[in-house]
Amino acid sequence: MRAIIFGGAGYIGTKLAEHLLSQPENSEVIICDIQPSSLAKHPRVKYFACDVRKPIDIAVDQADWIFNFAAIHREPGHEDHEYFETNLAGAENVCNFAEKIDCKNIYFTSSISVYGPTNGPTDESCQICPITPYGGSKYPAELIHRIWQSRHSSERRLVIVRPGVVYGPQDPGNIGRMLNAIKRGYFAFPGSTSVKKSYAYIYGLLDSIDFAIARQDPIIVYNYVEKNTESLGVVAQAMKSATGSKAPILSIPTALLLPLAKLVQALLGNKNPIHPLRVIKAGRPTHIIPGWLISQGFPFKYSLEKSLAHWKSAHPKDF
């Protein structure tokens with residue numbers, strides 16, 4: 001297989017590229033990203049600097065699969081309009097490029113944020129109701145990809161994944177920050193410890209990619225989170241055990257933590273670790289059900305404990 005990964009220098013894109021390169025049947029991985037790739041010097045990798053907000057013109061004329069991971073996703077961190085400008089233009093330009101080189105298969109990464117707050121179990125059949133600019137930009141990006149598929153529906157395949165918060169070795173995101181805070185002994189619960197949180201282990205996500213693209217369905221839309229959604233308290237205690245931390249973990253009411261976060265924001269700006277929006281998001285439930293994968297018999301390998309053990313084995317420095 002010859003694969004093109006837009007957004008291939010990011011966390012998920014890099015892990016996917018490594019995964020594809022580990023399989024001898026995959027001839028070449030083409031990484032396209034506005035940022036340089038750590039895999040650019042690999043003998044089976046071609047890297048192109050590429051801004052998906054603009055028409056895509058790279059020296060590639062064939063691919064078996066296009067993986068579209070390119071997006072602005074960090075919340076907070078961008079102006080509202082940037083999510084729409086990047087994620088919608090990116091979807092259009094990637095689909096136009098697929099049309100140009102006659103690639104018949106696209107795998108697109110959306111987000112569980114298209115559902116909005118998920119107070120109860122939420123599978124792929126549930127209502128789309130985003131409340132953030134990121135979620136609001138991701139669902140129309142899904143529709144742009146659907147339009148591409150519909151133009152030649154008997155020949156084209158589209159897989160759309162809506163992953164939860166992805167975590168794993170060298171994780172630069174929320175779960176990595178939480179693990180590091182617990183390891184250092186300064187993590188506090190924002191609100192109740194019983195809030196449900198659905199997370200997606202990176203190697204489980206990669207397994208789901210293999211599983212989905214091996215099928216022949218013209219369109220697949222699926223959630224990816226680990227099968228059992230745990231409470232924030234259970235997640236924190238599992239991390240505490242994995243790191244060997246003895247520090248107590250406090251629960252601070254959101255009503256008290258939010259003013260502190262606003263004060264820190266005023267002093268440090270939008271990129272501080274306890275930004276008010278992060279406090280609100282941390283205390284909000286995300287209870288996602290990977291319904292399609294369950295119905296198709298997907299073998300979930302990574303419980304919370306197994307994922308942490310696998311992570312620790314793969315990159316012990318994180319612990």
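- Counting only heavy atoms from C-beta outward, the side chains of Pro130 and Lys138 never approach each other to under 4.5 Å.
- Residues Arg162 and Asp123 are not paired through a salt bridge, judged by the lack of any N-O separation under 4.0 Å between the basic side chain and the carboxylate.
- Counting only N and O atoms by type, the side chains of Ser198 and Thr229 include a donor and acceptor under 3.5 Å apart.
- Here the SG atom belonging to Cys50 is positioned 6.0 Å from the CD1 atom belonging to Ile58, to the nearest 0.5 angstrom.
- To the nearest 0.5 Å, atoms CD (Glu18) and CG (Leu206) are separated by 9.0 Å.
- In the displayed structure, Asp210 atom CG is contacted under 6.0 Å by more than 12 heavy atoms of other residues, nucleotides or ligands.
- Trp311 and Phe319 have their aromatic ring centers within a separation under 6.0 angstrom.
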Please evaluate residues Val60 and Phe48 with respect to the criterion side chain to side chain contact (heavy atoms under 4.5 Å, CB included), reporting the C-alpha separation (whole Å), side-chain torsions for both, the decisive distance (0.1 Å), and the verdict. CA-CA 10 Å; Val60 177; Phe48 292 94; 3.6 Å; yes
Checklist entry - Under the side chain to side chain donor-acceptor pair (under 3.5 Å) criterion, do Ser113 and Thr132 qualify, and how do the steps go? => result CA-CA 8 Å; Ser113 64; Thr132 67; 4.9 Å; no
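- For the ring-ring contact (aromatic ring centres under 6.0 Å, His included) criterion with Tyr203, the lone passing option out of His19, His315, His310 is His310.
- Although no hydrogens or angles enter the test, the distance criterion places no donor-acceptor pair under 3.5 Å between the side chain of Asn105 and the main chain of Trp65.
- Two residues are said to be in side-chain contact when any heavy atoms from C-beta on lie closer than 4.5 Å; Val221 and Arg146 meet this criterion.
- Closest approach of Ser194 to Ser192, counting heavy atoms only: OG-OG, 2.7 Å.
- The closest donor-acceptor contact from the side chain of Arg44 to the backbone of Leu21 lies under 3.5 Å.
- Looking at Pro117 and Ile131, their side chains come closer than 4.5 Å, going by heavy atoms from C-beta outward.
- With a 4.5 Å cut-off on side-chain heavy atoms, Ile220 and Arg215 count as touching.
- Evaluation of the salt bridge (Lys or Arg N to Asp or Glu O under 4.0 Å) test over residues 219-232, restricted to residues two or more places apart or in two chains, returns none.
- Between the side chain of Ser137 and the backbone N or O of Tyr134 there is at least one donor-acceptor pair closer than 3.5 Å.
- Distance check, rounded to the nearest 0.5 Å: OG of Ser231 to NE2 of His287 gives 11.0 Å.
- For the pair Asp51 (side chain) and Arg53 (backbone), a donor-acceptor distance under 3.5 Å is present.
- Contact record, Ala247 with Gly185: CB-CA, 3.5 Å, taken as the closest heavy-atom pair.
- Summarising the geometry, atom CG belonging to Leu179 is positioned 12.5 Å from atom CZ belonging to Arg177; distances are rounded to the nearest 0.5 Å.
- Applying the salt bridge (Lys or Arg N to Asp or Glu O under 4.0 Å) test to residues at least two apart or on different chains, the pairs with a partner in residues 103-112 are Asp102-Lys104.
- Grouping the Ile, Leu, Val, Met, Phe, Trp and Tyr side chains by contacts below 4.5 angstrom, directly or via other members, places Val94 with Ile160.
- Between Phe108 and His145, the ring planes lie parallel to each other; the angle is under 30°, not in the 30° to 60° tilted range.
- Side-chain contact check for Thr286 versus Tyr199: every heavy-atom pair is 4.5 Å or farther apart.
- Atom CD1 of Ile219 is separated from atom CD1 of Ile106 by 11.5 Å, given to the nearest 0.5 angstrom.
- Judged purely by atom type and a 3.5 angstrom limit, Lys183 uses its side chain to pair as donor or acceptor with the backbone of Asp318.
- Ile202 and Ile31 end up in the same hydrophobic cluster when Ile, Leu, Val, Met, Phe, Trp and Tyr side chains are linked at under 4.5 Å.
- A distance-only check finds no donor-acceptor pair linking the side chain of Thr118 to the backbone of Gly120 [under 3.5 Å].
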- Message: Evaluate Trp292 against Asn223 for side chain to side chain donor-acceptor pair (under 3.5 Å), listing each step before the verdict.
- Response: CA-CA 7 Å; Trp292 182 82; Asn223 297 334; over 6 Å; no
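- Between the side chain of Thr86 and the main chain of Ile72, no donor-acceptor pair closer than 3.5 Å is present.
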Could you go through the side chain to side chain contact (heavy atoms under 4.5 Å, CB included) check for Asn180 and Tyr186 one step at a time?
CA-CA 9 Å; Asn180 191 52; Tyr186 58 74; 4.0 Å; yes
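- Residues Ala9 and Asp33 come closest through the heavy atom pair N-OD2, 3.0 Å.
- Under the 4.5 Å side-chain criterion, counting only non-hydrogen atoms from C-beta, Met239 is in contact with Leu308.
- Here Glu28 pairs with Arg2 under the side-chain hydrogen bond (donor to acceptor under 3.5 Å, both in side chains) rule; sequence neighbours left out.
- No donor-acceptor distance shorter than 3.5 angstrom exists from the side chain of Thr243 to the backbone of Ser241, with no hydrogens or angles considered.
- Within the 3.5 Å criterion, the main-chain N or O of Ser153 finds no donor-acceptor partner in the side chain of Ser150.
- Residues Leu158 and Ile144 do not share a hydrophobic cluster, defined by chaining ILVMFWY side chains whose heavy atoms lie under 4.5 Å apart.
- The aromatic ring centroids of Phe298 and Phe300 lie less than 6.0 Å from each other.
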Apply side chain to side chain donor-acceptor pair (under 3.5 Å) to Ser208 and Tyr222, showing your working. CA-CA 10 Å; Ser208 81; Tyr222 74 99; 2.8 Å; yes
Inset, instruction - List the steps, then state whether side chain to side chain donor-acceptor pair (under 3.5 Å) holds for Asn96 with Glu99. - result: CA-CA 5 Å; Asn96 288 341; Glu99 191 100 39; over 6 Å; no
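- Using a 4.0 Å cut-off between charged side-chain N and carboxylate O, Lys301 and Asp207 make a salt bridge.
- Gln127 CD: 12 or fewer foreign heavy atoms inside a 6.0 Å radius.
- The shortest distance between side-chain heavy atoms of Pro169 and Lys15 falls below 4.5 Å.
- Contact record, Pro316 with Ala314: CD-C, 3.8 Å, taken as the closest heavy-atom pair.
- Tyr201 and Tyr167 have tilted rings, their planes meeting at an angle from 30° to 60° on a 0 to 90° scale.
- Closest heavy-atom contact between Ile12 and Val166: CD1-CG2, 3.8 Å.
- The distance from the CZ atom of Arg157 to the CD atom of Gln149 is 10.0 Å, given to the nearest 0.5 Å.
- Formation of a donor-acceptor pair under 3.5 Å by the Lys197 side chain with backbone atoms of Pro285 is not found in this model.
- Cluster annotation: Ile5 and Val159 are assigned to the same hydrophobic cluster (Ile/Leu/Val/Met/Phe/Trp/Tyr, side-chain heavy-atom contacts under 4.5 Å, transitive).
- Within the 4.5 Å cutoff, the side chain of Leu304 has no heavy atoms near those of the Asn228 side chain.
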The test is side chain to side chain contact (heavy atoms under 4.5 Å, CB included); show your working for Val161 and Ile209 and say whether it passes. CA-CA 9 Å; Val161 65; Ile209 292 174; over 6 Å; no
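- A continuous path of hydrophobic side-chain contacts links Phe67 to Val29 [ILVMFWY only; heavy atoms under 4.5 Å].
- Annotation for Gly164 and Ile112: closest pair CA-CD1, 3.6 Å, computed over non-hydrogen atoms.
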